[in-house]
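Side-chain atoms are counted along with the backbone in the values below, which use heavy atoms only and exclude waters and symmetry mates. Position 1 is the first residue of the sequence; numbering continues from there.
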Amino acid sequence: MFLMEAKRIAVVILGSFLVAISLNFFLINANVYASGFSGAAQLLSSVFKDFFSFNISTGILLLILNIPVLLIGWFKIGKGFTIYSILSVAFSTLFLELLPVTSLSEDIILNAVAGGVIGGIGVGISLKRGASTGGMDIVAMILSRLQDKPIGIYFLLLNAIIIFVAGILYEPEHALYTMLTLYVTTVVIDAIHTRHEKVTVLIVTGKAEELQQEIHKKMIRGITIIPVKGAYSKEDKNLLYLVITRYELYDLERIIKDIDPHAFTNIIQTAGIFGFFRKEGETVNDIQQTK
């Protein structure tokens with residue numbers, strides 16, 4: 001348990017570092033804007049500097065923008081998710097303040113693509129571990145839980161305002177490069193995170209009842225329990241059969257390791273499903289009313 005949490009924290013810190021790298025080394029000096037609240041903070045920092053002669057760093061603005069959203073995430077998503085998001089925002093701010101703002105290339109297209117890829121990896125690996133980089137990650141997560149669709153779609157929609165404002169206040173060309181960065185970031189996030197994809201999980205265990213109860217505490221998913229017998233050991237056990245989203249896989253792995261670390265688990269890519277599959281945000285009462 002401790003090792004899993006330590007890995008999760010390490011991934012969140014790495015994600016924060018990659019987001020800071022994408023901004024300070026590629027996007028800021030190129031006047032190309034990042035995805036989410038990072039891009040919003042970057043744009044606000046440019047506006048304050050260019051139009052009001054007031055210098056405030058992207059890192060500090062990122063922290064300020066995230067405070068109200070993190071409070072919403074605490075109540076709407078969960079304390080565990082938000083705690084890691086707070087950790088991510090804190091480290092992102094720290095890295096943005098510590099790392100120098102410099103240019104590794106003068107090619108604006110290279111900066112736009114490289115910044116988008118690195119930033120997308122930072123966000124994607126955090127989301128895959130059940131955390132986020134805060135800001136629009138939390139907003140998109142809330143929206144994505146209402147409908148079972150790729151989370152990157154919401155990033156693209158929510159980032160439209162950044163493109164629009166950048167195009168009006170600065171050269172339209174920079175808005176076009178920003179679109180490129182946001183598109184690359186969206187593709188990378190969905191490639192890593194893929195929370196809309198389904199997997200079939202087969203668990204052979206001698207603690208079926210305990211596992212079933214703990215799984216239903218964390219997620220509302222149908223579970224089929226089938227009696228099985230080991231061909232070699234001749235022991236009577238049970239097979240738990242369930243379909244979940246990839247986003248839920250992290251929590252399921254943790255449950256299995258806590259309840260029955262000796263369980264045999266087979267995870268199969270699911271091409272498609274027919275019939276009812278609960279979308280996040282639907283309650284048991286909602287399900288019963290549709291039947």
Side-chain angles (χ1 to χ4, degrees), residues 1-27 34-39 41 58-59 62-63 66 69-70 73-74 77-99 114-142 144-145 150-152 154-155 184-197 199 201 218-219 244-258 261 265 267 269 280:
M1 182 67 177
F2 172 78
L3 184 60
M4 288 184 69
E5 293 303 320
K7 287 181 179 178
R8 196 180 192 185
I9 291 172
V11 169
V12 169
I13 294 173
L14 176 60
S16 302
F17 181 72
L18 291 175
V19 169
I21 287 287
S22 71
L23 285 166
N24 284 11
F25 288 4
F26 296 97
L27 301 181
S35 170
F37 273 29
S38 298
T58 299
L62 180 64
L63 180 63
N66 270 286
V69 177
L70 289 170
W74 183 273
I77 297 179
K79 296 178 181 179
F81 180 88
T82 309
I83 287 172
Y84 286 103
S85 300
I86 292 171
L87 184 67
S88 177
V89 170
F91 273 98
S92 293
T93 300
L94 178 64
F95 289 136
L96 283 167
E97 292 299 305
L98 292 178
L99 293 173
V117 169
I118 294 172
I121 293 173
V123 174
I125 62 174
S126 296
L127 288 170
K128 196 173 184 68
R129 281 288 178 174
S132 82
T133 53
M136 284 189 180
D137 298 350
I138 292 178
V139 176
M141 182 67 73
I142 293 171
S144 184
R145 286 189 170 190
I151 197 170
Y154 297 109
F155 277 90
V184 170
T185 302
T186 298
V187 171
V188 172
I189 289 171
D190 273 344
I192 295 174
H193 188 227
T194 56
R195 71 168 306 278
H196 57 294
E197 289 186 5
V199 293
V201 183
K218 294 286 185 181
M219 59 191 80
I244 61 173
T245 65
R246 278 195 179 274
Y247 176 70
E248 295 168 315
L249 190 56
Y250 176 80
D251 286 332
L252 181 62
E253 289 174 351
R254 185 168 58 177
I255 290 169
I256 294 171
K257 287 184 179 180
D258 287 344
T265 305
I267 300 167
Q269 181 68 50
E280 294 184 57

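Looking at heavy atoms from C-beta onward, Leu62 lies in side-chain contact with Ser38 at the 4.5 angstrom threshold. In this structure the side chain of Val12 never reaches within 4.5 angstrom of the side chain of Phe91, judged on heavy atoms. Thr265 has its side chain out of reach of Leu252: every pair of non-hydrogen atoms, C-beta onward, lies at least 4.5 Å apart.
One finds the CG atom of Leu63 at 10.0 Å from the OG atom of Ser92 (value rounded to the nearest 0.5 Å). Asn66 contributes atom CG, which lies 9.5 Å from atom CD1 of Ile86 (distance to the nearest 0.5 angstrom). Atoms CG and OG1, on Leu98 and Thr93 in that order, are 10.5 Å from each other to the nearest 0.5 Å. For the atom pair Phe17 CZ and Leu94 CG, the distance stands at 11.0 Å (nearest 0.5 Å). Between the OG1 atom in Thr185 and the CD1 atom in Ile189 there is a gap of 6.0 Å [rounded to 0.5 Å].
By the side-chain contact (heavy atoms from CB on, under 4.5 Å) test, Ala20 pairs with Phe95, Leu96, Leu99, sequence neighbours left out. Legend: residues meeting ring pair (Phe, Tyr, Trp, His ring centres under 6.0 Å) with Phe25, ordered by chain and number and at least two apart, are absent.
Distance alone, capped at 3.5 Å, places no donor-acceptor pair between the Ser88 side chain and the Ser16 backbone.
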Tell me which donor-acceptor pairs under 3.5 Å the side chains of residues 115-122 have, and how far apart each pair is, sequence neighbours excluded?
none

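Between Ile125 and Ile192 the shortest heavy-atom distance is N-CG2, 3.8 Å.
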